[in-house]
Structures are given as structure tokens and as C-alpha cells.
Amino acid sequence: MVAFAGWEMPIQYAGIVEEHRTVRERSGAFDVSHMGRFEVHGPEAVAFLRYVNTWDVARLAPGEGHYSVMCREDGGILDDVYVFCLDETRYLVVVNASNAEKIGRWVRKHVDRFDAQIVDRHLSTAMIALQGPSSLDRVRALVGDAFVGSLKPRRCAETEWRGHTLFASRTGYTGEDGLELIVEGDAAPELWRALIDQGVTAIGLGARDTLRLEAALLLYGNDMDEETNPLEVGLGWVVSLDDADFIGKEALVSAERAGNSRELVCLKTEDRGIMRAGCSILHSGEQVGKVTSGGYSPTLSTSIGMGFVPPDLAAIGGELQVDVRGKQLRVRVAQRPFYKRPKKTRK
Amino acid sequence: MASPQDLKYTKEHEWVRMDGDVGTIGITDYAQDALGDIVLLDLPATGTNVSYMDKFGEIESVKAVSELFAPVTGEVVDINSALEDSPELVNDSPFDEGWILRVRLSDPSEVEKLLDANQYDEYLATEVE
């Protein structure tokens with residue numbers, strides 16, 4: 001167990017590599033209750049959420065969700081979040097554990113101007129991520145075929161499970177198919193046991209990190225922070241600049257016009273050696289950036305990472321070096337993501 | 001598991017198995033378990049001299065990198081080349097197939113100052129969480 005953002009978290013159960021493979025090949029469950037959760041209720045819930053998000057959440061129909069970013073006025077990233085529309089007057093926002101308090105203060109500060117209320121769900125509910133190719137099948141016995149079938153990618157819905165409200169979304173942080181489930185805290189141990197009884201394997205925080213890195217999904221605090229704008233980390237696709245006003249819009253319009261001074265790229269090595277967060281990235285002997293996330297990829301059996309480099313060194317295939325405790329590891333800028341799940345063959 | 005009786009140990013969780021003046025060196029079961037999945041070892045070439053309690057290499061798991069400290073002083077005469085392709089042998093068989101290197105001791109009596117199996121197990125039980 002390890003302390004993480006004020007929560008006691010399991011690093012591993014059976015071992016990181018074994019757990020990683022379980023998620024890639026079968027189905028694993030992560031207790032992600034540490035992730036911050038709140039709902040926004042009221043007639044102006046969507047107007048408020050549009051104001052604090054870079055992505056135009058007004059595009060969400062009931063039962064849809066989308067990834068987004070919340071920025072400061074200067075365009076610095078406060079957090080990356082997932083916004084779900086439960087119905088027109090009820091939205092759910094999932095934020096990072098490490099930012100839950102900060103975002104709580106931020107949204108409370110800005111909600112006053114709107115006819116909307118924040119309803120915190122962080123400590124009253126628990127969240128379980130079910131990830132891996134057989135995850136949907138594992139959960140059918142618990143919530144029924146029709147409910148599972150209704151959950152297309154990025155869709156969400158609520159159902160009743162043993163007298164409790166169960167939220168499910170077809171989302172995740174591993175690059176695999178799967179669901180994220182939210183249930184009242186009291187019912188969580190029962191739900192966890194029911195999933196294990198269905199053949200799902202418990203997975204720790206260690207494999208969560210190796211899985212998300214292979215999928216090139218960003219980690220707040222590593223790959224982005226308040227000094228980073230969404231455009232330079234490849235999140236331009238969740239910045240909607242051509243419609244309503246939102247916090248940070250002006251700064252991001254300027255940033256887009258100016259162009260990026262650095263870009264987050266994927267790095268892969270064929271050398272022996274493992275890049276880790278904090279290692280310097282070199283080009284022709286000169287330091288040009290830092291690795292923000294790095295480690296060993298169990299799927300590729302080599303070291304992968306992400307880091308910032310100047311835009312002229314960001315082209316796919318470009319050769320760079322990473323300084324690993326004084327040794328230079330040859331790396332190449334790689335296609336994002338490192339791992340893409342195989343397309344399902346139709347039955 | 002109880003540590004094998006025929007080996008000598010350090011508080012840095014390395015073991016030494018003596019055969020004449022050559023000591024085979026590895027890390028203990030406790031160490032491999034604490035490190036987790038081992039994916040890379042950075043080892044000195046044969047012919048290199050290593051000194052008691054000096055860093056001689058690195059062992060890297062999915063979680064983190066750790067330093068390896070020489071439990072004895074002498075010249076490296078062999079390294080376990082199988083670990084290059086199969087570093088997981090250290091996890092699977094820490095006291096046998098997962099041996100790391102062999103050192104010809106400058107002074108074979110040096111191993112006498114290391115812990116025996118009972119002392120090491122006691123150290124694990126009392127000193128290590």
C-alpha cells in the first residue's frame with residue numbers, strides 16, 4: 001500500500017507485469033475511488049460547465065460523456081476532467097484525486113453567477129474501473145445484457161443494482177475497452193466482490209500507470225500542470241475556441257496564434273535502459289527538454305515515455321537521446337499511442 | 001521463505017555462495033519481492049574489480065531503479081548472461097538461476113564477516129517492516 005493524494009492505494013496485487021497483461025488480455029478492476037467526483041445540478045448547469053471547461057460541453061446529449069480540460073485565465077491547465085451529461089439539469093464531473101480539493105474550490109468560486117449547484121460525491125460514493133477486453137461480458141450477469149448493450153463508447157447511464165443506483169460509463173484510462181462504475185460507498189464492497197466473483201482480477205496503481213503510458217494518456221502532475229497549456233500537450237482536440245466564452249479562452253486564442261514553443265511527444269527506445277520522469281532529453285549533446293513520464297512497457301518489452309521537446313524536434317521518427325544517470329539512451333519520437341487495442345472481430 | 005542455510009548475506013539483501021575462492025552473488029527473495037518485476041540489470045564486465053559495499057551495478061524493476069552493492073571484494077570472473085534476455089529469472093529463482101555475477105575474492109575469509117542465514121532472517125524479522 002502507498003499513500004497517494006491522501007488515499008491509501010494498493011501499488012500491486014500479483015505483480016505489475018502480470019496485472020498489466022490481465023487487463024490487456026482479460027479483465028481487471030481498479031478501485032479508483034480516490035478520483036474526485038461531483039455533480040452539477042440546475043437549469044444553468046451546462047452554461048456553468050461550459051464556462052469552466054475548454055471543450056464545449058453543451059454538445060453533450062443526455063447519456064454522453066467527453067474528456068475536457070479546466071484552465072486558469074492564462075490558459076494553464078488546472079486539471080483534466082471527464083464530464084458526463086446525466087440529463088439536461090444534471091451533470092457529473094470526474095477529476096484527478098490530486099486536484100479534487102483545488103477544483104472543488106475553483107468550481108465553487110465560479111458557480112455563484114449561475115443558477116446551478118455543486119453536489120459533492122467524492123466521499124459518499126466509490127468508483128471502480130473495469131478494464132480489459134472481456135470486461136463488458138463480466139458485468140452482464142450483474143446489470144443485464146440490455147444495459148451493457150446500451151453503453152456505446154463514451155456513453156453513460158444509470159441503473160439499479162441490488163437496490164442501489166449504479167452509474168456506468170464506457171470509458172477508462174488503460175487503452176482497453178471497459179466501464180467505469182460509481183456506486184454509493186456502502187454498496188461498494190459488495191459490488192467489488194460481485195465483480196471478483198465474475199472472474200475479474202484486482203489491479204493496483206502500478207499497472208494503472210504502465211497501462212495508461214502505453215496508451216499515451218496523460219497524467220496530471222507529470223505530463224501537464226498549471227504551467228502547461230492544452231495545445232502543447234496535444235489536447236487541442238478538447239479546446240473549442242469558436243463558440244461560447246470560457247475561462248482561459250483569450251489566452252488560448254493567443255497561444256494558438258503564437259504556435260507552441262514546446263510539444264509533448266512520445267519517446268521509445270530500442271536500447272537497454274529505462275527512461276523515467278525527470279530525465280533530460282538531449283539533441284546533439286544539448287539538453288532540449290525533460291521526460292515527463294517514463295518507464296517499462298510490458299507490451300513492447302522496452303522503455304517508453306513522454307516528454308517536452310521544441311516543435312522542430314517533434315516529428316515522428318526523429319532521433320534524440322535521454323540521459324539516464326549519465327548514460328545516453330537513444331530514443332525515437334514515436335507515433336501516439338504506443339499501444340492500440342486490436343479491433344474486435346465481429347461475431 | 002527461510003533463507004538458504006549455505007549462503008552468506010548482507011543487510012543490503014545480497015547473498016554470496018562460496019566455492020573455493022569464488023563467490024556467486026545474487027539478491028535475496030526478500031529483495032526481489034520488494035523490487036517487483038525486474039526488467040533490466042546493468043552489470044560490470046568480467047575483469048572489473050568490485051569492492052565490499054561499493055556500488056557495482058543497477059537493477060531496475062517496473063517500479064524503480066535500485067543500486068547493487070558488492071558483498072565482497074575481488075575481480076568479476078563471470079556474469080549471468082541469461083539475465084540479459086530473461087531478467088525475470090531474478091524474480092523466479094533468486095537463489096539459483098537468478099544469480100547475478102561471480103567474483104574471485106581477494107581475501108576469501110572476507111565472507112566470514114557477512115550474516116549467516118539465521119542472522120539474516122532475524123534481521124528481516126526485526127529490522128525490516
Side-chain angles (χ1 to χ4, degrees), chain A residues 1-4 8-24 203-214 222 268-279 291 293-305 322-329 331 338, chain B residues 1 12-13 26-46 48 50 54-70 76 78-95 97-101 124 128-129:
Chain A
M1 300 291 279
V2 64
F4 179 80
E8 287 290 313
M9 302 283 296
I11 279 274
Q12 61 176 14
Y13 294 90
I16 294 173
V17 172
E18 184 180 331
E19 292 169 30
H20 183 107
R21 297 211 166 106
T22 296
V23 173
R24 288 276 178 257
I203 312 292
L205 206 56
R208 188 166 168 82
D209 194 50
T210 55
L211 289 158
R212 72 95 193 166
L213 186 56
E214 285 185 349
N222 276 47
K268 185 179 160 189
T269 185
E270 263 98 57
D271 275 349
R272 281 167 48 82
I274 294 175
M275 65 186 110
R276 307 251 182 204
C279 290
V291 173
S293 285
Y296 177 79
S297 160
T299 303
L300 303 175
S301 301
T302 190
S303 179
I304 58 173
V322 170
D323 182 281
V324 180
R325 296 178 298 281
K327 273 183 215 157
Q328 292 199 5
L329 196 64
V331 301
F338 300 101
Chain B
M1 79 163 110
E12 301 293 336
H13 310 288
I27 66 167
T28 64
D29 184 58
Y30 169 83
Q32 70 77 20
D33 188 57
L35 288 168
D37 300 300
I38 291 161
V39 292
L40 186 75
L41 288 101
D42 189 20
L43 301 176
T46 55
T48 308
V50 297
D54 276 0
K55 177 187 164 182
F56 74 82
E58 290 174 341
I59 186 163
E60 196 140 6
S61 71
V62 174
K63 275 189 275 187
V65 60
S66 304
E67 297 187 327
L68 290 165
F69 295 95
V76 178
D78 198 5
I79 60 167
N80 187 354
S81 55
L83 300 183
E84 188 160 338
D85 289 329
S86 305
E88 69 277 7
L89 285 173
V90 179
N91 293 118
D92 298 343
S93 177
F95 293 116
E97 286 177 76
W99 66 274
I100 294 172
L101 43 74
L124 285 184
V128 182
E129 293 189 344

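Below, chain A is the first sequence line, B the second, and so on; all start at residue 1. Because only heavy atoms are used, hydrogens play no part in the values below, and waters and symmetry mates are left out as well, while side chains stay in.
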(request) For residues D37(B) and V17(A), report the shortest heavy-atom separation together with the two atoms involved. (result) OD2-N, 2.7 Å
(message) Tell me whether K327(A) at atom NZ has more than 12 heavy atoms from other residues, nucleotides or ligands lying less than 6.0 Å away.
(response) no
(message) So for E84(B), is it side chain, backbone, both, or neither that comes closer than 4.5 Å to the heavy atoms of chain A?
(response) both
(message) Please find the pair of heavy atoms, one from Q12(A) and one from D33(B), that lie closest to each other, and give the distance.
(response) NE2-O, 4.5 Å
(request) Check each atom of I38(B) against the heavy atoms of chain A and say whether the ones under 4.5 Å are side chain, backbone, both or neither. (result) neither
(request) For residues V65(B) and R276(A), report the shortest heavy-atom separation together with the two atoms involved. (result) N-NH2, 4.1 Å
(message) Strictly below 4.0 Å, N to O, side chains only: are R325(A) and E67(B) in salt-bridge contact?
(response) no
(request) Could you tell me the separation between the CG atom of D42(B) and the CZ atom of R272(A), rounded to the nearest 0.5 Å? (result) 7.0 Å
